[in-house]
Amino acid sequence: NLSDRLEGVFQKLRGKGKLTKEDVERGLREVRLALLEADVNYRVVKNFVERVRERALGAEVLESLTPAQQLIKIVHEELIRTLGETPAPLDLGGPRPVPLLLVGLQGSGKTTTAAKLALFLRKKGHRPYLVPADVYRPAAIDQLKTLAEKVGVPVYDTQPSENPVDIARKALVEAKAQGRDVVIIDTAGRLHVDEAMMAEAAAIKEAVSPREVLLVADAMTGQDAVNMARSFQEKVGLTGVILTKVEGDARGGAALSIREVTGVPIKFLGTGEKIDALEVFYPDRLASRILG
Amino acid sequence: FEVDRLVDQAFLEELEELLITADIGIETVNRLLEPSRRKLLLGEPLKVSELKRSLREEILRMLDLPTPPFPPEASPAVVFFIGVNGVGKTTTLAKVAWHLKERGFSVLAVAADTFRAAAIEQLVTWGERVGFEVIRQAQGADPGAVVYQGLEAAKARGVDVVLVDTAGRLHTKYNLMEELKKMVRVAGKVVPEAPHENILVLDATTGQNAVSQAKLFGQAVRLDSLILTKMDGTAKGGIAITVAHLFRLPIRFVGLGEKMEDLAPFEPRAFVQALMP
Ligand SMILES: Nc1nc2c(ncn2[C@@H]2O[C@H](COP(=O)(O)OP(=O)(O)OP(=O)(O)O)[C@@H](O)[C@H]2O)c(=O)[nH]1
Ligand SMILES: Nc1nc2c(ncn2[C@@H]2O[C@H](COP(=O)(O)OP(=O)(O)OP(=O)(O)O)[C@@H](O)[C@H]2O)c(=O)[nH]1
Ligand SMILES: [Mg+2]
Ligand SMILES: [Mg+2]
C-alpha cells in the first residue's frame, strides 16, 4: 500500500541527513501512482499532487523524523478536504412534497438507490413517494414497484405509454393529494452524450423543480467519470452525488474526480444490494481506500 | 498534411495522458512507453508516426488471442453470462440471442437471476421482443435449480444454444461466488462439459477494478471470453486490453447501445484506432 511504498522510498534515504526536494518528488511520484491506480482522473491527479507538493516541500516533511508518515498525513488531509470534510445533508427544504431527482449512466444503481432513499427517509419519519420515470428499460417500472412494496412506500402507477416529464408532473400532484412530503423520481439510465436523453432530464427538472438532483455513480467508474459528471452538471445541473457499489474492492477514485470537477458534494454511499444498504457519506473512510 | 514531428518529452506526456484516460492502467502504459522513453533519454530520434504505429502494433499483439468459434461446438451449447452488478449481462444476453437467431440458431434463455427485483420479468420481456423462450421459476428460487430445469428443457427440445442469465454479483462476495460455482457444477451434471462458454461481461466505463473482477471470477469459475458493453459512451474501454492480455480472454463482442441489434463483433484494429487516433 501507499504507506509501505513511501516508507520504502524514504527508507533508502536513512542516514543521508535531511530530505532533499528530489526525495520528496520521488515520494510524490508514489502518491501519483497510487491515485492513478485508484482510478482518479489523470488531470485531477496532476492538480491534486500540485496542491500536495506545496505543503510537502515545507518544513513539516523535510525536517520530519518520519517523512513518509508526514507525507501520507498531508495527502490524507488534502483528500478529505477535497472530498468534503463537512457532511452535506439532503436538502428537504421548500414546499411539500419535496421532489428529489435521480440521474446517471445506465446500470449505476439509480432504481435500487431510489428505493433505498425512500426507506432511509421513511425510517426518519418522512412520508416518501416513489416515481418510476423510466419507460424504456424492460420491466423498469416493475422493478421500482416491487422495491416500493418492499420498503412500504407508495409508488406512482406509471404507464409505459406516458412520457417521463408528464409522469413527474402528475406524480407530484398525486403525492401532494396523498399527503406525502418527499417525492423520489427514478429516471432511465442515459449517456451524457445522448442529446435527446439529456434534454429529457433537463425537461423533467424544469417541470418539477427538484430540491436535489442527485448523480448516481458507480464506485468502479474509471477515467471517464470526469466527462460524464461534467456533462450532467452542465446539461442538467447537480446538487449531490450518490456513489454506489462501494462495498466491493473498487478504490473509488471516481469520487475524487467527480467532486473535483463538479464541486458537488457526495451525500450518500450505496453499500450493498439490500434495500437498507445506504450510508450517509463521511470522507475519511473513502479517502483511506483511495490511497490504498 | 501533417508534418511528421519527432517525439519529445511533451509528446510522451500527451501520449501518457491519452493512454491513461483510456483506462489502460498506469502499469501497462509504463510498459508500453518504456522503449520510447529510453530512446528519448539516449537522444535517439523517433518519429511520432513510428511511435504510434509501434504502440498500435504492441496493443494489437496483446489482443491477439486464440478465439474459438461462437457459439461453442456443442449441442446444446451452454453459455453463461456473468459479471458484477449493472454491467449489462441481461441486455447483452438478449442481443446475443438476436445475433444467434439471425444466424439461424435456435435459442433458449434461462432466468437464473432469481434475486433482483424484476430480473426475471426483464428477461421475459426481452424474450418476447427478440423471440426466444425463457425458462424461469419464481423469484427467490434456487438459481442452481433453474439452471438444472433450463438445461434439461434445452436437451429435451433439441435447442442449439442455451443462454444463462445470472445475477450481478461483486467478485469479493464469498457466498455469491460459491453460488456461481454451484450453478456451473449443476450445468456440467446436466449437459456434458457445460457451461461450454463463460462470458465475463465488462462495462467499458469501469476502471482498474476490472482486473480484480476478472481475477476473482476466474478463480471461482473458468472464464472463456469477454464482452465489453456501453462502448457507445465516451469511455474507451482500455481496461479490456489489460484484462484480455493478463487472463488470455478474447473479446467476442462490444455493446453499442440498448437495442437488440446493438452488438458488434469485436474488431481489434478499429478498437485500437479509436484508442489512438
Ligand atoms: N453490490 C451492490 N450492488 C448494487 C448497489 N446499488 C445497486 N446495485 C445493483 O446494481 C445493479 C443495477 O442497479 P439498478 O438499480 O438496476 O441500476 P439503474 O441505474 O437503475 O440501471 P438503469 O435503470 O438500467 O440505468 C443491480 O443489480 C443492483 O442490485 C450497491 O450499493 N452495491
Ligand atoms: N448505452 C448502453 N447501455 C447498455 C449497454 N448494455 C446494457 N446497457 C444498459 O445498461 C443497463 C443495465 O443493463 P442490464 O442488462 O440490466 O445489466 P445487468 O448486468 O444484467 O444488471 P444486473 O443483473 O442488475 O447485475 C440497462 O439500462 C441497459 O439498457 C450498451 O452497450 N450501451
Ligand atoms: Mg433503473
Ligand atoms: Mg441482469
Side-chain angles (χ1 to χ4, degrees), chain A residues 32-43 45-46 105-112 115 136-150 188-189 191-194 217-228 231 244-245 247-254 272-273 275, chain B residues 16-27 29-30 84-91 94 115-129 139 167-173 176 203-210 212-213 216 229-230 232-239 257-258:
Chain A
R32 178 176 179 265
L33 199 65
L35 294 175
L36 287 175
E37 288 170 350
D39 290 323
V40 181
N41 177 266
Y42 188 91
R43 293 250 165 128
V45 172
K46 200 165 188 186
L105 294 178
Q106 289 88 347
S108 62
K110 299 174 292 301
T111 305
T112 312
Y136 311 99
R137 169 173 154 157
I141 300 167
D142 236 326
Q143 187 185 1
L144 191 59
K145 281 184 172 174
T146 303
L147 292 175
E149 190 175 348
K150 198 163 184 178
L191 292 179
H192 51 292
V193 290
D194 185 334
D218 198 318
M220 63 185 182
T221 310
Q223 295 285 316
D224 204 51
V226 294
N227 295 330
M228 77 94 174
S231 227
T244 62
K245 308 174 204 172
E247 83 281 17
D249 63 351
R251 295 271 290 274
E273 293 186 72
I275 216 67
Chain B
E16 183 192 52
E17 177 168 4
L18 179 80
L19 297 172
I20 292 195
T21 55
D23 284 312
I24 294 184
I26 183 78
E27 203 183 301
V29 171
N30 280 336
V84 301
N85 309 73
V87 295
K89 300 174 292 302
T90 306
T91 309
F115 168 76
R116 207 207 69 212
I120 297 169
E121 287 77 359
Q122 185 185 8
L123 187 60
V124 167
T125 305
W126 273 117
E128 290 163 0
R129 288 186 190 182
Q139 186 183 11
R169 68 198 67 228
L170 290 188
H171 45 297
T172 46
K173 297 191 175 174
L176 299 185
D203 185 327
T205 66
T206 306
Q208 299 313 302
N209 194 246
S212 178
Q213 292 173 24
L216 296 186
T229 62
K230 307 177 195 173
D232 47 323
T234 53
K236 294 279 163 68
I239 32 103
E258 303 187 71

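Computed from a predicted model, the values in this text were never measured in an experiment. In what follows, chains carry the letters A, B, and so on, assigned in the order in which the sequence lines appear, proteins first and then strands, with residues in each chain numbered from 1.
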- Which atoms of A/Lys150 approach chain B - backbone, side chain, both or neither, heavy atom under 4.5 Å: neither
- Item | Min side-chain heavy-atom separation B/Glu128-A/Pro138 under 4.5 Å | no
- Item | Choice from A/Arg137, A/Met228, A/Lys245 maximising heavy atom contacts with chain B below 4.5 Å | A/Arg137
- Message: Distance check, rounded to the nearest 0.5 Å: A/Leu105 atom CG versus B/Lys230 atom NZ?
- Response: 7.5 Å
- Item | side chain to side chain donor-acceptor pair (under 3.5 Å) against A/Glu273, all qualifying residues, sequence neighbours excluded | B/Asn85
- Below 4.5 Å from any heavy atom of chain A, which atoms of B/Lys236 appear? Answer side chain, backbone, both or neither. neither
- Task: Could you check which of B/Leu170, B/Thr172, B/Thr21 has the highest count of heavy-atom pairs closer than 4.5 Å to chain A?
- Result: B/Thr21
- Which value, rounded to the nearest 0.5 Å, describes the distance between B/Asp23 atom CG and A/Asn41 atom CG? 9.5 Å
- With respect to chain B, which residue among A/Thr112, A/Leu144, A/Asn227, A/Asp142 yields the maximal number of heavy-atom pairs within a distance under 4.5 Å? A/Asp142
- Task: Compare all side-chain heavy atoms of B/Arg116 with those of A/Gln143 and state whether any distance is below 4.5 angstrom.
- Result: yes
- Item | Residue B/Val87 versus chain A: region with a heavy atom under 4.5 Å | side chain
- Query: Roughly how far, to the nearest 0.5 Å, is the CD1 atom of B/Ile26 from the CG atom of A/Leu35?
  - Reply: 11.0 Å
- Query: With a 4.5 angstrom heavy-atom cut-off, which part of B/Ile20 approaches chain A: side chain, backbone, both or neither?
  - Reply: both
- Task: Would you please name every residue forming a side chain to side chain donor-acceptor pair (under 3.5 Å) with B/Thr90, sequence neighbours left out?
- Result: B/Asp165
- Item | Side-chain H-bond candidate by donor/acceptor type, A/Asp249 with B/Asn209, under 3.5 Å | yes
- Message: Please determine whether side-chain contact (heavy atoms from CB on, under 4.5 Å) holds for the pair B/Gln213 and A/Met220, giving the CA-CA distance in whole Å, both sets of side-chain angles, and the decisive distance to 0.1 Å.
- Response: CA-CA 10 Å; B/Gln213 292 173 24; A/Met220 63 185 182; 3.2 Å; yes
- Message: Salt bridge check, B/Lys173 against A/Glu247: does any charged N sit closer than 4.0 Å to a carboxylate O?
- Response: yes
- Message: If we define contacts as heavy-atom pairs under 4.5 Å, which of B/Thr206, B/Val84, B/Asn30, B/Thr125 has the most with chain A?
- Response: B/Thr206
- A/Ala139 and B/Ala118 have their tightest heavy-atom pair at O-CB, 3.7 Å
- Check A/Tyr136 against B/Arg129 and note the closest heavy-atom contact, atom names and distance. O-NH2, 3.9 Å
- Message: Between A/Glu37 and B/Gln208, is there a side-chain donor-acceptor contact under 3.5 Å, judged purely by atom types and distance?
- Response: no
- Query: Between the side chains of A/Asp224 and B/Thr205, is a donor N or O closer than 3.5 angstrom to an acceptor N or O?
  - Reply: no
- Note on the structure: Whatever's closer than 4.5 Å to a heavy atom in chain A on B/Leu176 counts as side chain
- Item | Note: B/Glu16-A/Arg32 ion pair, threshold 4.0 Å (strictly below) | yes
- Okay, B/Glu121 and chain A: the region with an atom under 4.5 Å from a heavy atom over there is both
